[in-house]
Structures are given as C-alpha cells and as structure tokens.
Amino acid sequence: MKIAIYPGSFDPITNGHIDVIERASSLFEKVIVAIVDNPQSKNFMFNQKERLSLVVKSIERFENVEVEVFSGLLIDYAQLKKASVVVRGLRAISDFEYEFQMALMNRKLDSNINTLFLMPHQKYIHISSSLIKEIASLGGDVSSYVPKHIEALLKDKYK
Ligand code: PNS
C-alpha cells in the first residue's frame with residue numbers, strides 16, 4: 001500500500017491544506033495528516049487537541065485520509081507509519097527555499113522517503129494560517145479560506 005504523510009502545524013487547517021489533502025488522497029491509497037507537536041520556537045494559537053479536532057472535522061469526507069499528532073523527527077514518524085512519501089503544499093516561490101532545505105534534509109535522513117510537492121488551487125495560493133489569523137484578529141472576513149467550523153471558532157477566539 002502506498003502511504004503518504006502530509007505533515008504540518010495546521011494552526012489552523014485552511015482550505016488550502018484541504019485542497020492539498022484532496023489531491024493527495026486521489027494519488028495515494030492512504031494519506032496520514034500528521035500534526036506536529038514539537039512547537040520548538042513556534043507559538044501556536046490552537047493547542048494540540050484543538051488542532052487535531054479541527055482537522056478531524058475537516059477531513060470527514062475523505063475515506064482514505066487519517067490524522068494523527070506526532071512528535072520528534074518527521075522521518076522517524078514516516079518510517080513508523082511505513083510511508084514512502086511526504087507531501088507538502090507549494091504555493092509560491094517564497095515557499096521554495098524552506099521546502100527545498102527540508103526535503104533535502106529529510107532525504108539525507110532516509111533516501112527511501114521522497115518529498116512530493118503539490119500545488120493547491122490558485123485561489124488558495126496567497127493564503128497561510130498566519131495570515132488568516134491576522135485577518136480574523138482584526139475583524140476581517142476569512143470565510144473563503146477556512147471551513148465554517150473554523151471561521152466560527154476564530155470569531156469566538158478574537159471576540
Ligand atoms: O506547517 P509547517 O509549520 O510548515 O510544518 C513544518 C513541519 C511540521 C513539516 C516541520 O517543522 C517538521 O517536519 N517538524 C518535525 C521535526 C523535524 O523532522 N524536523 C526536521 C525537518 S528537516
């Protein structure tokens with residue numbers, strides 16, 4: 001079975017992420033959305049439990065997609081899950097350097113695991129979880145960029 005891991009912070013999951021999940025689910029027999037639980041320097045807005053439940057609700061319609069929280073090295077987790085591919089979304093050239101570095105480092109750690117970049121629909125090219133949080137915090141409309149349940153939660157958080 002070809003298994004792919006789609007790792008990220010998902011703080012929170014956006015329609016751009018869901019678009020990538022949909023593309024990956026049509027390419028692989030199983031896709032595991034892997035939510036990172038080692039924040040290192042990051043300050044997450046949603047805690048691990050919240051991020052998990054937001055993803056669970058957002059991927060209900062995909063039969064071959066699961067979600068888990070992982071900590072430690074992504075490559076160790078991918079090996080544990082017997083995944084041969086790491087999926088990452090690529091929006092713009094600005095993503096490239098960071099993604100390129102991670103992909104090459106992950107390949108150095110395990111040359112049997114390849115990173116596959118998928119481009120989301122162009123309507124999501126300019127969005128990121130951070131930008132969505134900023135817009136929502138200032139009372140802007142993010143309804144085109146996140147599922148309804150997340151829009152409501154963001155409104156509630158910034159009330
Ligand atoms: O959504 P993000 O924040 O861009 O995702 C980054 C993520 C979670 C994919 C990356 O930080 C990661 O893989 N973290 C796990 C620790 C690890 O393996 N680090 C080395 C990466 S080369």
Side-chain angles (χ1 to χ4, degrees), residues 1-133 145-150 153:
M1 193 197 268
K2 266 268 178 221
I3 302 174
I5 302 265
Y6 179 38
S9 308
F10 303 104
D11 185 42
I13 187 168
T14 67
N15 289 345
H17 293 126
I18 297 167
D19 181 290
V20 170
I21 291 170
E22 184 161 16
R23 288 170 203 279
S25 82
S26 71
L27 292 171
F28 297 97
E29 286 160 276
K30 182 159 129 185
V31 176
I32 304 171
V33 179
I35 304 177
V36 71
D37 187 35
N38 47 346
Q40 291 149 359
S41 61
K42 284 198 174 184
N43 289 318
F44 292 124
M45 168 176 199
F46 295 98
N47 65 35
Q48 185 229 94
K49 248 181 150 170
E50 288 174 315
R51 286 181 290 138
L52 177 65
S53 76
L54 294 179
V55 174
V56 167
K57 206 167 155 70
S58 307
I59 60 165
E60 272 168 350
R61 67 193 162 99
F62 304 112
E63 279 180 6
N64 61 340
V65 180
E66 331 178 327
V67 55
E68 271 188 9
V69 172
F70 80 102
S71 52
L73 274 183
L74 172 64
I75 283 300
D76 289 343
Y77 176 73
Q79 288 167 347
L80 185 76
K81 292 287 154 185
K82 302 195 178 348
S84 54
V85 172
V86 170
V87 168
R88 292 285 289 170
L90 204 55
R91 292 161 302 183
I93 291 285
S94 52
D95 282 344
F96 185 74
E97 208 169 316
Y98 167 62
E99 294 298 337
F100 184 70
Q101 207 178 12
M102 273 205 303
L104 290 184
M105 183 55 84
N106 282 330
R107 193 165 71 185
K108 182 83 185 135
L109 293 169
D110 186 339
S111 59
N112 293 315
I113 300 179
N114 278 297
T115 300
L116 176 73
F117 294 106
L118 293 175
M119 283 176 289
H121 191 282
Q122 47 273 31
K123 66 185 173 193
Y124 301 129
I125 281 294
H126 57 292
I127 69 168
S128 65
S129 299
S130 327
L131 202 53
I132 281 167
K133 283 180 282 189
Y145 304 125
V146 287
K148 283 246 166 311
H149 64 283
I150 298 180
L153 197 68

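Scope of the values below: all heavy atoms of this structure, side chains included, with no hydrogens, waters or symmetry mates. One-based numbering along the sequence shown. Note that the structure is predicted; figures quoted are calculated from it, not measured.
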Q: Evaluate side-chain contact (heavy atoms from CB on, under 4.5 Å) for I32 paired with Y77, printing each intermediate quantity in order.
A: CA-CA 11 Å; I32 304 171; Y77 176 73; 3.5 Å; yes
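- A heavy-atom distance below 4.5 Å is not found between the side chains of S129 and M45.
- The shortest heavy-atom contact between D95 and G89 is OD2-O, 4.4 Å.
- Across all non-hydrogen atoms, the minimal contact from L118 to A24 is CD1-N, 3.9 Å.
- If you take NZ on K49 and CD1 on I35, they are separated by 13.5 Å, rounding to the nearest 0.5 Å.
- Other residues, nucleotides and ligands place no more than 12 heavy atoms under 6.0 Å from the CD1 atom of I93.
- By the ring-ring contact (aromatic ring centres under 6.0 Å, His included) test, F10 pairs with Y6, H17, sequence neighbours left out.
- Tested against V85 for a side chain to side chain contact (heavy atoms under 4.5 Å, CB included), the candidates L116, I113, L27 yield a single pass: L116.
- When all heavy atoms of P120 and V20 are compared, the closest pair comes out as CB-CG2, 4.1 Å.
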Q: Kindly indicate, with the supporting measurements, whether the criterion side-chain contact (heavy atoms from CB on, under 4.5 Å) is fulfilled by N64 and F28.
A: CA-CA 8 Å; N64 61 340; F28 297 97; 5.7 Å; no
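- Between the side chain of N15 and the backbone N or O of Y124 there is no donor-acceptor pair closer than 3.5 Å.
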Q.
Would Q79 and D110 count as a side-chain hydrogen bond (donor to acceptor under 3.5 Å, both in side chains) here? Give the steps.
A. CA-CA 9 Å; Q79 288 167 347; D110 186 339; 2.8 Å; yes
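- In this structure, the side chain of Q101 does not engage the main chain of Y98 through any donor-acceptor pair within 3.5 Å.
- Both the sub-6.0 Å distance and the 45° axial angle are satisfied by R51 relative to the ring of F44.
- With sequence neighbours left out, the ring-ring contact (aromatic ring centres under 6.0 Å, His included) criterion links H126 to Y145.
- Distance CG/L54 to CD1/I13: 8.5 Å, rounded to 0.5 Å.
- Interatomic distance, M119 CE to D19 CG, rounded to the nearest 0.5 Å: 11.0 Å.
- Between the side chain of R91 and the main chain of I127, a donor-acceptor pair closer than 3.5 Å is present.
- Checked against ring-ring contact (aromatic ring centres under 6.0 Å, His included), F46 has no partners two or more places apart in sequence or in another chain.
- The two residues A4 and V87 make their nearest non-hydrogen contact at CB-CG2, 4.0 Å.
- Atom NE2 of H121 is separated from atom CD1 of I18 by 15.0 Å, given to the nearest 0.5 angstrom.
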(Q) Quick one, K133 with D11, criterion salt bridge (charged side-chain N to carboxylate O under 4.0 Å, His left out). Give me CA distance, side-chain angles, the key distance, then yes/no. (A) CA-CA 9 Å; K133 283 180 282 189; D11 185 42; 2.8 Å; yes
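- Of all heavy-atom pairs spanning V65 and S25, the tightest one is CG2-CB, 3.7 Å.
- Side-chain contact check for I5 versus K81: some heavy-atom pair is nearer than 4.5 Å.
- Here E29 contributes atom CD and M1 contributes atom CE; the two are 5.5 Å apart, rounded to the nearest 0.5 Å.
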Q.
Apply side-chain contact (heavy atoms from CB on, under 4.5 Å) to residues N106 and L74 and explain how you reach the verdict.
A. CA-CA 8 Å; N106 282 330; L74 172 64; 3.8 Å; yes
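- Here the CG atom belonging to N112 is positioned 9.0 Å from the OG atom belonging to S84, to the nearest 0.5 angstrom.
- S71 places no side-chain N or O within donor-acceptor distance of the main-chain N or O of D37, the cut-off being under 3.5 Å.
- Annotation for S58 and I150: closest pair OG-CD1, 4.1 Å, computed over non-hydrogen atoms.
- At least one side-chain heavy atom of R61 sits under 4.5 Å from a side-chain heavy atom of E22.
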